[in-house]
Asker: 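Sharing a structure, written as C-alpha coordinates. Questions coming.
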Number of protein chains: 2
Amino acid sequence: MTETRRGRPRTPLLSRESIVEATLQVIDSEGVAAVGMRSVARALGVDAKSLYNHVDGKDDLLDAVTEHLLAGLVLPERTGDARRDLHAIAASFRDQALRHPQAAPLVLTRQLASSQALAPINAVLEVLKDAGAETGDAVHMLRMLLATLIGTLLREVSAAPTFGSNDREGTLAASGLPALIEAAPHLARFDREAEFEYAVDLAITAVLHRIDLRRAR
Amino acid sequence: MTETRRGRPRTPLLSRESIVEATLQVIDSEGVAAVGMRSVARALGVDAKSLYNHVDGKDDLLDAVTEHLLAGLVLPERTGDARRDLHAIAASFRDQALRHPQAAPLVLTRQLASSQALAPINAVLEVLKDAGAETGDAVHMLRMLLATLIGTLLREVSAAPTFGSNDREGTLAASGLPALIEAAPHLARFDREAEFEYAVDLAITAVLHRIDLRRAR
DNA sequence: ACCTGAACACCGTTCAAGT
DNA sequence: ACCTGAACACCGTTCAAGT
(Lines give C-alpha, C1' and ligand atoms only; values in the text may rest on other atoms or scores of the structure.)
Protein backbone atom coordinates (compact mmCIF):
# COMPACT_ATOMS: atom_id res chain seq x y z
CA MET A 1 0.00 0.00 0.00
CA THR A 2 2.67 2.48 0.97
CA GLU A 3 4.90 1.66 -1.95
CA THR A 4 5.30 5.25 -3.04
CA ARG A 5 6.66 6.23 0.34
CA ARG A 6 10.24 7.28 -0.30
CA GLY A 7 12.06 6.06 2.81
CA ARG A 8 15.40 7.49 3.94
CA PRO A 9 18.07 6.50 1.41
CA ARG A 10 20.63 5.33 4.00
CA THR A 11 23.92 5.09 2.19
CA PRO A 12 25.10 1.48 2.31
CA LEU A 13 27.67 0.59 4.93
CA LEU A 14 29.43 -1.95 2.77
CA SER A 15 30.78 -2.33 -0.73
CA ARG A 16 32.82 -4.97 -2.48
CA GLU A 17 35.74 -2.61 -2.39
CA SER A 18 35.51 -1.86 1.33
CA ILE A 19 35.18 -5.55 2.06
CA VAL A 20 38.31 -6.32 0.05
CA GLU A 21 40.22 -3.64 1.94
CA ALA A 22 39.07 -4.97 5.28
CA THR A 23 40.15 -8.44 4.20
CA LEU A 24 43.60 -7.12 3.37
CA GLN A 25 43.79 -5.60 6.83
CA VAL A 26 42.98 -8.95 8.37
CA ILE A 27 45.57 -10.65 6.17
CA ASP A 28 48.25 -8.10 6.97
CA SER A 29 47.76 -8.33 10.69
CA GLU A 30 46.76 -11.95 11.24
CA GLY A 31 47.61 -13.83 8.08
CA VAL A 32 45.54 -15.36 5.34
CA ALA A 33 44.49 -18.26 7.56
CA ALA A 34 42.66 -15.80 9.80
CA VAL A 35 40.41 -14.63 6.99
CA GLY A 36 36.81 -15.59 7.52
CA MET A 37 33.41 -14.11 6.98
CA ARG A 38 33.26 -13.41 10.67
CA SER A 39 36.71 -11.86 11.08
CA VAL A 40 36.31 -9.63 8.06
CA ALA A 41 32.86 -8.56 9.19
CA ARG A 42 34.23 -7.78 12.63
CA ALA A 43 36.87 -5.52 11.07
CA LEU A 44 34.01 -3.64 9.45
CA GLY A 45 31.79 -3.53 12.52
CA VAL A 46 29.11 -5.50 10.79
CA ASP A 47 27.49 -8.92 10.89
CA ALA A 48 29.14 -11.71 8.89
CA LYS A 49 26.02 -12.44 6.93
CA SER A 50 25.94 -8.91 5.59
CA LEU A 51 28.95 -9.65 3.44
CA TYR A 52 26.80 -11.96 1.33
CA ASN A 53 25.10 -8.93 -0.14
CA HIS A 54 28.34 -7.94 -1.88
CA VAL A 55 30.32 -11.12 -2.18
CA ASP A 56 29.37 -14.61 -3.25
CA GLY A 57 30.98 -16.39 -0.34
CA LYS A 58 34.43 -16.88 1.09
CA ASP A 59 35.90 -18.20 -2.12
CA ASP A 60 34.64 -15.29 -4.13
CA LEU A 61 35.97 -12.97 -1.44
CA LEU A 62 39.47 -14.38 -1.82
CA ASP A 63 39.16 -14.12 -5.59
CA ALA A 64 38.22 -10.48 -5.20
CA VAL A 65 41.30 -9.85 -3.05
CA THR A 66 43.53 -11.58 -5.59
CA GLU A 67 42.05 -9.58 -8.40
CA HIS A 68 42.49 -6.36 -6.46
CA LEU A 69 46.15 -7.09 -5.91
CA LEU A 70 46.77 -8.03 -9.53
CA ALA A 71 45.05 -4.87 -10.64
CA GLY A 72 47.63 -2.87 -8.71
CA LEU A 73 50.45 -4.15 -10.86
CA VAL A 74 52.08 -1.36 -12.82
CA LEU A 75 53.74 -2.46 -16.04
CA PRO A 76 57.04 -0.77 -16.78
CA GLU A 77 57.69 1.24 -19.94
CA ARG A 78 59.26 -0.68 -22.78
CA THR A 79 62.90 0.18 -23.36
CA GLY A 80 63.54 -1.95 -26.43
CA ASP A 81 66.03 -4.09 -24.54
CA ALA A 82 64.31 -7.46 -24.09
CA ARG A 83 66.39 -8.50 -21.11
CA ARG A 84 65.80 -5.25 -19.30
CA ASP A 85 62.10 -5.31 -20.09
CA LEU A 86 61.53 -8.86 -18.90
CA HIS A 87 63.47 -8.10 -15.79
CA ALA A 88 61.38 -5.01 -15.13
CA ILE A 89 58.12 -6.91 -15.55
CA ALA A 90 59.29 -9.59 -13.13
CA ALA A 91 60.41 -6.95 -10.65
CA SER A 92 57.09 -5.13 -10.71
CA PHE A 93 55.26 -8.41 -10.25
CA ARG A 94 57.43 -9.12 -7.23
CA ASP A 95 56.91 -5.64 -5.83
CA GLN A 96 53.19 -6.04 -6.08
CA ALA A 97 53.21 -9.53 -4.56
CA LEU A 98 55.29 -8.33 -1.64
CA ARG A 99 53.22 -5.26 -0.86
CA HIS A 100 51.12 -7.61 1.24
CA PRO A 101 53.55 -10.43 1.96
CA GLN A 102 50.99 -12.51 3.80
CA ALA A 103 48.67 -12.26 0.82
CA ALA A 104 51.32 -13.34 -1.66
CA PRO A 105 50.26 -17.01 -1.74
CA LEU A 106 46.88 -15.83 -3.02
CA VAL A 107 48.37 -14.00 -5.98
CA LEU A 108 50.84 -16.80 -6.67
CA THR A 109 48.45 -19.66 -6.29
CA ARG A 110 44.91 -18.73 -7.24
CA GLN A 111 43.82 -19.62 -10.74
CA LEU A 112 42.26 -16.47 -12.08
CA ALA A 113 40.77 -15.94 -15.51
CA SER A 114 40.40 -12.29 -14.64
CA SER A 115 41.27 -9.68 -17.20
CA GLN A 116 43.48 -8.08 -14.57
CA ALA A 117 45.81 -11.02 -14.92
CA LEU A 118 46.06 -10.74 -18.67
CA ALA A 119 47.94 -7.47 -19.00
CA PRO A 120 51.27 -8.78 -17.67
CA ILE A 121 50.90 -11.91 -19.78
CA ASN A 122 50.41 -9.77 -22.83
CA ALA A 123 53.41 -7.66 -21.92
CA VAL A 124 55.71 -10.66 -21.68
CA LEU A 125 54.46 -12.08 -24.96
CA GLU A 126 55.05 -8.76 -26.66
CA VAL A 127 58.64 -8.58 -25.50
CA LEU A 128 59.33 -12.16 -26.52
CA LYS A 129 57.79 -11.66 -29.90
CA ASP A 130 59.73 -8.49 -30.58
CA ALA A 131 62.87 -10.30 -29.52
CA GLY A 132 62.25 -12.67 -32.37
CA ALA A 133 60.36 -15.56 -30.83
CA GLU A 134 57.78 -17.39 -32.90
CA THR A 135 54.37 -17.27 -31.23
CA GLY A 136 54.22 -20.93 -30.22
CA ASP A 137 57.67 -20.77 -28.66
CA ALA A 138 56.81 -17.53 -26.92
CA VAL A 139 53.98 -19.25 -25.07
CA HIS A 140 56.26 -22.01 -23.82
CA MET A 141 58.81 -19.45 -22.76
CA LEU A 142 56.17 -17.40 -21.02
CA ARG A 143 55.10 -20.43 -19.04
CA MET A 144 58.65 -21.29 -18.08
CA LEU A 145 59.35 -17.73 -16.95
CA LEU A 146 56.16 -17.65 -14.97
CA ALA A 147 56.95 -20.97 -13.32
CA THR A 148 60.37 -19.75 -12.22
CA LEU A 149 58.92 -16.47 -11.02
CA ILE A 150 56.14 -18.09 -9.05
CA GLY A 151 58.35 -20.80 -7.61
CA THR A 152 60.92 -18.26 -6.52
CA LEU A 153 58.40 -15.92 -4.93
CA LEU A 154 56.57 -18.76 -3.20
CA ARG A 155 59.83 -19.71 -1.63
CA GLU A 156 60.61 -16.13 -0.72
CA VAL A 157 57.41 -15.74 1.23
CA SER A 158 58.39 -19.14 2.57
CA ALA A 159 55.44 -21.19 1.57
CA ALA A 160 57.49 -23.54 -0.57
CA PRO A 161 60.06 -26.12 0.37
CA THR A 162 63.55 -25.22 -0.72
CA PHE A 163 65.19 -26.13 2.55
CA GLY A 164 67.36 -23.21 3.33
CA SER A 165 66.74 -19.93 5.15
CA ASN A 166 66.35 -20.85 8.79
CA ASP A 167 66.91 -24.55 8.48
CA ARG A 168 69.34 -24.92 11.30
CA GLU A 169 72.59 -26.23 9.93
CA GLY A 170 72.42 -28.97 12.49
CA THR A 171 69.80 -30.93 10.58
CA LEU A 172 71.97 -30.73 7.51
CA ALA A 173 75.14 -31.73 9.28
CA ALA A 174 73.39 -34.71 10.84
CA SER A 175 72.01 -35.90 7.52
CA GLY A 176 75.12 -37.85 6.58
CA LEU A 177 74.73 -36.64 3.01
CA PRO A 178 78.13 -35.34 1.93
CA ALA A 179 77.20 -32.76 -0.70
CA LEU A 180 74.61 -31.39 1.67
CA ILE A 181 77.05 -31.10 4.53
CA GLU A 182 79.53 -29.32 2.34
CA ALA A 183 76.89 -26.86 1.17
CA ALA A 184 75.35 -26.38 4.61
CA PRO A 185 76.77 -22.89 5.21
CA HIS A 186 75.44 -21.73 1.86
CA LEU A 187 72.08 -23.39 2.36
CA ALA A 188 71.73 -21.67 5.69
CA ARG A 189 71.85 -18.20 4.23
CA PHE A 190 69.21 -16.76 1.97
CA ASP A 191 69.27 -13.22 0.58
CA ARG A 192 65.78 -12.73 -0.78
CA GLU A 193 66.56 -9.99 -3.25
CA ALA A 194 69.76 -11.62 -4.52
CA GLU A 195 68.11 -15.00 -4.82
CA PHE A 196 65.30 -13.50 -6.84
CA GLU A 197 67.70 -11.74 -9.17
CA TYR A 198 69.73 -14.87 -9.67
CA ALA A 199 66.82 -17.15 -10.55
CA VAL A 200 65.01 -14.66 -12.76
CA ASP A 201 68.18 -13.66 -14.56
CA LEU A 202 69.05 -17.26 -15.25
CA ALA A 203 65.58 -17.94 -16.62
CA ILE A 204 65.58 -14.84 -18.80
CA THR A 205 69.06 -15.60 -20.08
CA ALA A 206 67.96 -19.10 -20.99
CA VAL A 207 64.93 -17.83 -22.87
CA LEU A 208 66.79 -15.16 -24.81
CA HIS A 209 69.55 -17.60 -25.61
CA ARG A 210 67.05 -20.05 -27.02
CA ILE A 211 65.48 -17.36 -29.15
CA ASP A 212 68.88 -16.66 -30.65
CA LEU A 213 69.41 -20.34 -31.36
CA ARG A 214 66.08 -20.66 -33.12
CA ARG A 215 66.68 -17.55 -35.18
CA ALA A 216 69.96 -18.97 -36.44
CA ARG A 217 67.82 -21.86 -37.77
CA MET B 1 44.67 -51.95 43.56
CA THR B 2 44.38 -54.32 40.64
CA GLU B 3 47.43 -52.95 38.90
CA THR B 4 49.00 -56.36 38.30
CA ARG B 5 45.97 -57.56 36.43
CA ARG B 6 47.14 -58.11 32.86
CA GLY B 7 44.10 -57.11 30.84
CA ARG B 8 43.59 -58.25 27.22
CA PRO B 9 46.31 -56.64 25.09
CA ARG B 10 43.94 -55.54 22.34
CA THR B 11 46.08 -54.66 19.36
CA PRO B 12 45.64 -50.98 18.59
CA LEU B 13 43.21 -50.10 15.81
CA LEU B 14 45.20 -47.13 14.62
CA SER B 15 48.75 -46.18 13.78
CA ARG B 16 50.37 -43.10 12.32
CA GLU B 17 50.91 -45.06 9.14
CA SER B 18 47.33 -46.27 8.81
CA ILE B 19 46.08 -42.76 9.46
CA VAL B 20 48.32 -41.37 6.73
CA GLU B 21 47.02 -43.97 4.30
CA ALA B 22 43.42 -43.20 5.14
CA THR B 23 44.15 -39.53 4.62
CA LEU B 24 45.52 -40.26 1.16
CA GLN B 25 42.34 -42.15 0.37
CA VAL B 26 40.28 -39.13 1.36
CA ILE B 27 42.53 -36.86 -0.71
CA ASP B 28 42.37 -39.11 -3.76
CA SER B 29 38.62 -39.38 -3.74
CA GLU B 30 37.49 -36.02 -2.39
CA GLY B 31 40.46 -33.69 -2.61
CA VAL B 32 42.71 -32.14 -0.05
CA ALA B 33 40.04 -29.68 1.04
CA ALA B 34 37.96 -32.60 2.29
CA VAL B 35 40.63 -33.71 4.73
CA GLY B 36 39.57 -33.29 8.31
CA MET B 37 39.90 -35.12 11.57
CA ARG B 38 36.34 -36.28 11.15
CA SER B 39 36.54 -37.40 7.52
CA VAL B 40 39.77 -39.29 8.05
CA ALA B 41 38.41 -40.93 11.19
CA ARG B 42 35.28 -41.92 9.29
CA ALA B 43 37.39 -43.64 6.64
CA LEU B 44 38.93 -45.66 9.46
CA GLY B 45 35.67 -46.41 11.24
CA VAL B 46 36.81 -44.59 14.32
CA ASP B 47 36.07 -41.46 16.30
CA ALA B 48 37.85 -38.27 15.24
CA LYS B 49 39.34 -37.72 18.65
CA SER B 50 41.12 -41.07 18.48
CA LEU B 51 43.48 -39.69 15.90
CA TYR B 52 45.01 -37.44 18.54
CA ASN B 53 46.67 -40.48 20.06
CA HIS B 54 48.88 -40.81 16.98
CA VAL B 55 48.98 -37.41 15.43
CA ASP B 56 49.46 -33.97 16.91
CA GLY B 57 46.52 -32.35 15.17
CA LYS B 58 45.45 -31.58 11.63
CA ASP B 59 48.61 -29.73 10.74
CA ASP B 60 50.83 -32.53 11.90
CA LEU B 61 48.64 -34.95 9.98
CA LEU B 62 49.24 -33.07 6.74
CA ASP B 63 52.95 -32.92 7.50
CA ALA B 64 52.92 -36.67 7.94
CA VAL B 65 51.25 -37.15 4.59
CA THR B 66 53.77 -34.86 2.90
CA GLU B 67 56.65 -36.69 4.50
CA HIS B 68 55.20 -40.03 3.44
CA LEU B 69 54.99 -38.90 -0.16
CA LEU B 70 58.49 -37.47 -0.20
CA ALA B 71 59.80 -40.69 1.27
CA GLY B 72 58.45 -42.55 -1.74
CA LEU B 73 60.70 -40.65 -4.11
CA VAL B 74 63.19 -42.98 -5.79
CA LEU B 75 66.38 -41.30 -6.90
CA PRO B 76 67.71 -42.46 -10.27
CA GLU B 77 71.16 -43.98 -10.74
CA ARG B 78 73.89 -41.57 -11.70
CA THR B 79 74.95 -41.89 -15.32
CA GLY B 80 77.77 -39.39 -15.34
CA ASP B 81 75.90 -37.15 -17.77
CA ALA B 82 74.83 -34.12 -15.74
CA ARG B 83 72.00 -33.14 -18.05
CA ARG B 84 70.56 -36.63 -18.06
CA ASP B 85 70.93 -36.97 -14.32
CA LEU B 86 69.23 -33.67 -13.50
CA HIS B 87 66.46 -34.54 -15.89
CA ALA B 88 65.98 -37.92 -14.26
CA ILE B 89 65.81 -36.42 -10.78
CA ALA B 90 63.20 -33.92 -11.93
CA ALA B 91 61.21 -36.66 -13.63
CA SER B 92 61.16 -38.87 -10.57
CA PHE B 93 60.07 -35.91 -8.46
CA ARG B 94 57.24 -35.28 -10.88
CA ASP B 95 56.26 -38.94 -10.94
CA GLN B 96 56.05 -39.01 -7.20
CA ALA B 97 54.11 -35.74 -7.01
CA LEU B 98 51.61 -37.00 -9.57
CA ARG B 99 51.01 -40.37 -7.96
CA HIS B 100 48.40 -38.55 -5.91
CA PRO B 101 47.61 -35.55 -8.06
CA GLN B 102 45.25 -34.06 -5.53
CA ALA B 103 47.95 -34.26 -2.91
CA ALA B 104 50.55 -32.55 -5.07
CA PRO B 105 50.02 -29.07 -3.60
CA LEU B 106 51.06 -30.52 -0.24
CA VAL B 107 54.38 -31.79 -1.55
CA LEU B 108 54.97 -28.64 -3.57
CA THR B 109 53.95 -26.17 -0.94
CA ARG B 110 54.63 -27.43 2.57
CA GLN B 111 57.84 -26.30 4.20
CA LEU B 112 59.38 -29.47 5.55
CA ALA B 113 62.67 -29.77 7.40
CA SER B 114 62.28 -33.53 7.22
CA SER B 115 65.24 -35.68 6.37
CA GLN B 116 63.10 -37.29 3.67
CA ALA B 117 63.32 -34.05 1.77
CA LEU B 118 67.07 -33.83 1.97
CA ALA B 119 68.03 -36.78 -0.24
CA PRO B 120 66.92 -35.22 -3.54
CA ILE B 121 68.56 -31.93 -2.55
CA ASN B 122 71.78 -33.76 -1.92
CA ALA B 123 71.49 -35.57 -5.25
CA VAL B 124 71.12 -32.34 -7.21
CA LEU B 125 74.03 -30.72 -5.39
CA GLU B 126 76.20 -33.72 -6.15
CA VAL B 127 75.47 -33.58 -9.86
CA LEU B 128 76.08 -29.83 -10.00
CA LYS B 129 79.32 -30.13 -8.10
CA ASP B 130 80.60 -32.94 -10.29
CA ALA B 131 79.66 -30.88 -13.33
CA GLY B 132 82.10 -28.30 -12.08
CA ALA B 133 80.00 -25.85 -10.08
CA GLU B 134 81.51 -24.14 -7.10
CA THR B 135 79.52 -24.91 -3.93
CA GLY B 136 78.04 -21.44 -3.50
CA ASP B 137 76.91 -21.32 -7.10
CA ALA B 138 75.52 -24.82 -6.85
CA VAL B 139 73.15 -23.70 -4.09
CA HIS B 140 71.82 -20.83 -6.18
CA MET B 141 71.38 -23.14 -9.11
CA LEU B 142 69.64 -25.71 -6.98
CA ARG B 143 67.17 -23.10 -5.82
CA MET B 144 66.50 -21.90 -9.33
CA LEU B 145 65.93 -25.44 -10.57
CA LEU B 146 63.63 -26.16 -7.69
CA ALA B 147 61.66 -22.98 -8.29
CA THR B 148 61.11 -23.87 -11.92
CA LEU B 149 60.20 -27.42 -11.03
CA ILE B 150 57.74 -26.43 -8.35
CA GLY B 151 56.21 -23.62 -10.38
CA THR B 152 55.74 -25.92 -13.34
CA LEU B 153 54.20 -28.72 -11.33
CA LEU B 154 51.91 -26.36 -9.45
CA ARG B 155 50.62 -25.19 -12.75
CA GLU B 156 50.28 -28.70 -14.04
CA VAL B 157 48.05 -29.72 -11.16
CA SER B 158 46.38 -26.40 -11.89
CA ALA B 159 46.88 -24.65 -8.62
CA ALA B 160 48.88 -21.84 -10.16
CA PRO B 161 47.89 -19.07 -12.49
CA THR B 162 49.43 -19.39 -15.93
CA PHE B 163 46.27 -18.64 -17.80
CA GLY B 164 46.03 -21.32 -20.39
CA SER B 165 44.58 -24.82 -20.38
CA ASN B 166 40.85 -24.37 -20.28
CA ASP B 167 40.77 -20.62 -20.40
CA ARG B 168 38.26 -20.29 -23.13
CA GLU B 169 39.81 -18.45 -26.00
CA GLY B 170 36.91 -16.07 -25.84
CA THR B 171 38.22 -14.27 -22.80
CA LEU B 172 41.52 -13.81 -24.54
CA ALA B 173 40.00 -12.62 -27.77
CA ALA B 174 37.88 -10.11 -25.90
CA SER B 175 40.84 -8.72 -23.99
CA GLY B 176 41.85 -6.30 -26.69
CA LEU B 177 45.49 -7.10 -26.02
CA PRO B 178 47.09 -7.81 -29.38
CA ALA B 179 49.91 -10.18 -28.44
CA LEU B 180 47.47 -12.14 -26.34
CA ILE B 181 44.96 -12.43 -29.13
CA GLU B 182 47.61 -13.63 -31.50
CA ALA B 183 48.80 -16.26 -29.04
CA ALA B 184 45.30 -17.34 -28.01
CA PRO B 185 45.31 -20.65 -29.89
CA HIS B 186 48.62 -21.58 -28.30
CA LEU B 187 47.54 -20.43 -24.87
CA ALA B 188 44.44 -22.56 -25.13
CA ARG B 189 46.32 -25.80 -25.46
CA PHE B 190 48.46 -27.32 -22.75
CA ASP B 191 50.28 -30.65 -23.03
CA ARG B 192 51.32 -31.41 -19.48
CA GLU B 193 54.19 -33.71 -20.28
CA ALA B 194 55.59 -31.56 -23.08
CA GLU B 195 55.25 -28.41 -21.02
CA PHE B 196 57.14 -30.01 -18.17
CA GLU B 197 59.94 -31.17 -20.46
CA TYR B 198 60.25 -27.77 -22.02
CA ALA B 199 60.50 -25.80 -18.79
CA VAL B 200 62.80 -28.22 -17.02
CA ASP B 201 65.05 -28.60 -20.03
CA LEU B 202 65.34 -24.85 -20.38
CA ALA B 203 66.25 -24.48 -16.72
CA ILE B 204 68.80 -27.29 -16.81
CA THR B 205 70.34 -25.94 -19.98
CA ALA B 206 70.68 -22.53 -18.39
CA VAL B 207 72.36 -23.93 -15.32
CA LEU B 208 74.81 -26.12 -17.23
CA HIS B 209 75.59 -23.26 -19.55
CA ARG B 210 76.39 -21.01 -16.63
CA ILE B 211 78.64 -23.63 -15.11
CA ASP B 212 80.60 -23.72 -18.36
CA LEU B 213 80.90 -19.95 -18.39
CA ARG B 214 82.22 -19.86 -14.83
CA ARG B 215 84.72 -22.63 -15.53
CA ALA B 216 86.10 -20.68 -18.44
CA ARG B 217 86.80 -17.94 -15.85
C1' DA C 1 18.43 -2.46 -1.44
C1' DC C 2 20.74 -3.69 2.37
C1' DC C 3 21.30 -5.56 7.03
C1' DT C 4 20.34 -9.05 10.77
C1' DG C 5 18.12 -13.03 14.08
C1' DA C 6 17.42 -17.50 14.26
C1' DA C 7 19.05 -21.64 12.79
C1' DC C 8 21.77 -25.48 10.56
C1' DA C 9 25.30 -28.45 9.64
C1' DC C 10 29.62 -28.35 10.10
C1' DC C 11 34.80 -27.65 12.15
C1' DG C 12 39.39 -28.78 15.51
C1' DT C 13 40.49 -29.71 20.06
C1' DT C 14 40.48 -30.65 25.37
C1' DC C 15 39.71 -33.39 29.07
C1' DA C 16 37.88 -36.57 32.01
C1' DA C 17 36.52 -40.76 31.90
C1' DG C 18 36.28 -45.77 30.42
C1' DT C 19 38.68 -50.40 29.19
C1' DA D 1 48.03 -47.53 26.05
C1' DC D 2 44.39 -46.48 23.41
C1' DC D 3 39.61 -45.11 22.47
C1' DT D 4 35.34 -42.25 23.33
C1' DG D 5 31.30 -39.00 25.52
C1' DA D 6 30.46 -34.71 26.73
C1' DA D 7 31.57 -30.26 25.80
C1' DC D 8 33.57 -25.86 23.84
C1' DA D 9 34.44 -22.36 20.83
C1' DC D 10 34.53 -21.97 16.50
C1' DC D 11 33.22 -22.21 11.07
C1' DG D 12 30.29 -20.88 6.24
C1' DT D 13 25.82 -20.33 4.70
C1' DT D 14 20.45 -20.02 4.12
C1' DC D 15 16.32 -17.84 4.69
C1' DA D 16 12.81 -15.28 6.48
C1' DA D 17 12.23 -11.34 8.30
C1' DG D 18 12.99 -6.26 9.34
C1' DT D 19 13.86 -1.26 7.67
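To find a chain, count down the sequence lines: A is the first, B the second, and so on, and within it residues start at 1.
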Asker: Which one of A:F190, A:Y198, A:F196 satisfies the ring pair (Phe, Tyr, Trp, His ring centres under 6.0 Å) criterion with B:H140?
Answerer: A:Y198

Asker: Go through C:dC2, D:dT4, C:dG12 for me and flag the one nearest to the B:M37 side chain.
Answerer: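 Between C:dC2, D:dT4, C:dG12, the one nearest the side chain of B:M37 would be C:dG12.
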
Asker: B:K58 has a side chain; which of C:dG12, D:dG12, C:dT4 sits nearest to it?
Answerer: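 Given the options C:dG12, D:dG12, C:dT4, the side chain of B:K58 is closest to C:dG12.
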
Asker: With a 3.5 Å cut-off and just heavy-atom distances, do the side chain of B:K49 and the base of C:dG12 make a donor-acceptor pair?
Answerer: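 Between C:dG12 and B:K49, which were checked side chain against base, a qualifying N/O pair under 3.5 Å is absent.
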
Asker: Might you work through the salt bridge (charged side-chain N to carboxylate O under 4.0 Å, His left out) test for A:E156 and A:R94, ending with a clear yes or no?
Answerer: CA-CA 10 Å; A:E156 183 170 340; A:R94 175 174 182 262; 2.6 Å; yes

Asker: Applying salt bridge (charged side-chain N to carboxylate O under 4.0 Å, His left out), run through A:E182 and B:K129 and close with a yes or a no.
Answerer: CA-CA 10 Å; A:E182 185 188 342; B:K129 187 183 142 200; 3.1 Å; yes

Asker: Is the closest side-chain donor-acceptor distance between A:R143 and B:T152 under 3.5 Å?
Answerer: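 Absent: no donor and acceptor within the cut-off.
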
Asker: Do you know which two heavy atoms are closest between B:P178 and A:N122, and how far apart they sit?
Answerer: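 Answer, listing the atom of B:P178 first, then A:N122: N-OD1, 3.8 Å.
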
Asker: Atom OH of A:Y52 to atom P of D:dG12: distance rounded to whole Å?
Answerer: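 Value for this atom pair: 7 Å.
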
Asker: According to a strict under-4.0 Å criterion, is A:S50 in side-chain N/O contact with OP1 or OP2 of C:dT4?
Answerer: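 Looking at the OP1 and OP2 atoms of C:dT4, one of them is under 4.0 Å from a side-chain N or O of A:S50.
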
Asker: Figure out the CZ/C1' separation between B:R42 and D:dT4, and round it to whole Å.
Answerer: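 Atom CZ in B:R42 sits about 17 Å away from atom C1' in D:dT4.
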
Asker: To the nearest 0.5 Å, tell me how far B:T23 OG1 sits from B:K58 NZ.
Answerer: 10.5 Å

Asker: Should we count CZ of A:R99 as having more than 12 external heavy atoms under 6.0 Å?
Answerer: no

Asker: Measure the distance from CG on A:L51 to P on D:dC11 and round it to the nearest whole Å.
Answerer: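 For the pair A:L51 CG and D:dC11 P, the rounded distance is 13 Å.
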
Asker: If you only use heavy atoms from C-beta on, which nucleotide in C:dG5, C:dT13, D:dC3 is closest to the side chain of A:D47?
Answerer: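 Among C:dG5, C:dT13, D:dC3, the one nearest the side chain of A:D47 is C:dG5.
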
Asker: Rounded to whole Å, how long is the line connecting atom CG of B:L44 with atom P of D:dT4?
Answerer: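 Answer to the nearest Å: 11 Å.
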
Asker: Working to the nearest 0.5 angstrom, can you tell me the gap between B:H100 NE2 and B:L24 CG?
Answerer: 4.5 Å

Asker: With a non-hydrogen cut-off below 4.0 angstrom, is A:N53 in contact with a base, only sugar-phosphate, or nothing?
Answerer: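 Base contact - A:N53 has a heavy atom under 4.0 Å of at least one base atom.
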
Asker: Both B:H54 and A:D59 contact DNA chain D. Which one's nearest nucleotide lies toward the 5' end?
Answerer: B:H54

Asker: Distances for protein N/O vs nucleotides 8-10 of chain D N/O pairs under 3.5 angstrom?
Answerer:
none

Asker: Show your reasoning for whether salt bridge (charged side-chain N to carboxylate O under 4.0 Å, His left out) applies to B:R38 and B:D47.
Answerer: CA-CA 7 Å; B:R38 287 170 156 96; B:D47 189 279; over 6 Å; no

Asker: In what stems does DNA chain C take part, counting only runs of at least 3 consecutive Watson-Crick or G-U pairs whose two distances fall under 3.5 Å?
Answerer: C:4-8 with D:12-16, C:12-16 with D:4-8

